[in-house]
Amino acid sequence: MSGFVEGIYVASRAGARAERVGEARALVGRGLEGDRYAEGAGHWSRFGRSCEVTLVEAEDLEAMEREAGVRVMGGEHRRNVVLRGLGLDGVRRKKFRIGEAVFEYQKPCSICRYVERLTEPGMTEALKGRGGICARVVEEGEIREGDPVSVM
């Protein structure tokens with residue numbers, strides 16, 4: 001199984017717009033450098049319930065826009081990494097490489113109303129069942145748009 005990185009997004013603080021970046025450094029035990037959760041400044045950080053890195057399938061985002069009419073292709077999904085060509089079910093309980101970094105599956109991403117308050121009505125419902133996964137960084141390194149993703 002393999003796919004590639006279609007987009008990388010970071011938000012500098014809780015509630016900040018997720019900005020698309022061409023590359024990011026994955027940091028062991030923290031997440032993506034410059035992202036709110038790597039800095040301990042995410043909305044869920046204060047509750048101790050944050051994910052280091054969040055990933056979502058591009059195909060799911062396209063389906064969400066088509067079926068629910070919500071805008072997600074500009075980072076409104078609030079996930080860090082958008083993958084194409086790799087079903088995230090295939091990485092459950094596994095490690096996978098993106099560029100120079102190695103990640104390990106943690107759990108499905110939680111879906112909450114907070115994302116809807118930051119974006120638009122219908123976002124919470126649209127993300128149900130397609131909200132992506134949480135992963136932890138086990139080997140740090142650079143990840144870039146276009147990098148291959150391979151399950152180890």
Carefully, step by step, assess Phe103 and Val138 under the rule side chain to side chain contact (heavy atoms under 4.5 Å, CB included). CA-CA 5 Å; Phe103 300 84; Val138 294; 5.9 Å; no
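- Using modelled atom types, no side-chain atom of Glu139 and backbone atom of Ala101 make a donor-acceptor pair closer than 3.5 Å.
- Using a 4.5 Å heavy-atom cutoff, the side chains of Val91 and Ile133 are in contact.
- Contact check for Ser12 versus Arg17: no side-chain heavy atoms found under the 4.5 Å cut-off.
- For the atom pair SG (Cys109) and CZ (Arg79), the distance works out to 4.0 Å, reported to the nearest 0.5 Å.
- When all heavy atoms of Val53 and Gly31 are compared, the closest pair comes out as CG2-CA, 3.8 Å.
- Here the side chain of Arg97 pairs no donor or acceptor atom with the backbone of Val151 at under 3.5 angstrom.
- Using a 4.5 Å cut-off on side-chain heavy atoms (C-beta onward), Leu27 and Val137 make no contact.
- At a threshold of 4.5 Å between non-hydrogen side-chain atoms, the residues Glu62 and Arg84 count as touching.
- Checked for salt-bridge contact, Glu140 and Arg25 meet the test: a charged N lies under 4.0 Å from a carboxylate O.
- For Arg92, the CZ atom counts as densely surrounded, since its 6.0 Å shell holds more than 12 non-hydrogen atoms of other residues, nucleotides or ligands.
- Checked by atom type and distance alone, the side chain of Asp147 never pairs as donor or acceptor with a backbone atom of Ile98 at under 3.5 Å.
- At least one side-chain heavy atom of Val56 sits under 4.5 Å from a side-chain heavy atom of Leu61.
- At a threshold of 4.5 Å between non-hydrogen side-chain atoms, the residues Leu83 and Glu57 do not count as touching.
- When hydrophobic clusters are built by joining Ile, Leu, Val, Met, Phe, Trp and Tyr residues whose side-chain heavy atoms come closer than 4.5 Å, directly or via intermediates, Leu32 is grouped together with Leu88.
- Minimum interatomic distance between Phe96 and Tyr105 (heavy atoms only, all atoms of both residues): CE2-N, 4.0 Å.
- Side chain of Glu19 to main chain of Val10: no donor-acceptor pair is present (N/O by atom type, distance under 3.5 Å, no hydrogens or angles).
- The distance from the CG atom of Asn80 to the CD1 atom of Ile143 is 8.0 Å, given to the nearest 0.5 Å.
- Closest approach of Thr54 to Cys134, counting heavy atoms only: CG2-SG, 4.4 Å.
- The shortest distance between side-chain heavy atoms of Val5 and Val82 does not fall below 4.5 Å.
- Salt-bridge formation is detected for the pair Arg136/Glu104: a Lys NZ or Arg NE/NH1/NH2 atom is positioned less than 4.0 Å from an Asp or Glu carboxylate oxygen.
- Of the inter-residue distances, the one linking Cys51 atom SG with Tyr37 atom OH reads 8.0 Å to the nearest 0.5 angstrom.
- At a threshold of 4.5 Å between non-hydrogen side-chain atoms, the residues Glu145 and Arg20 count as touching.
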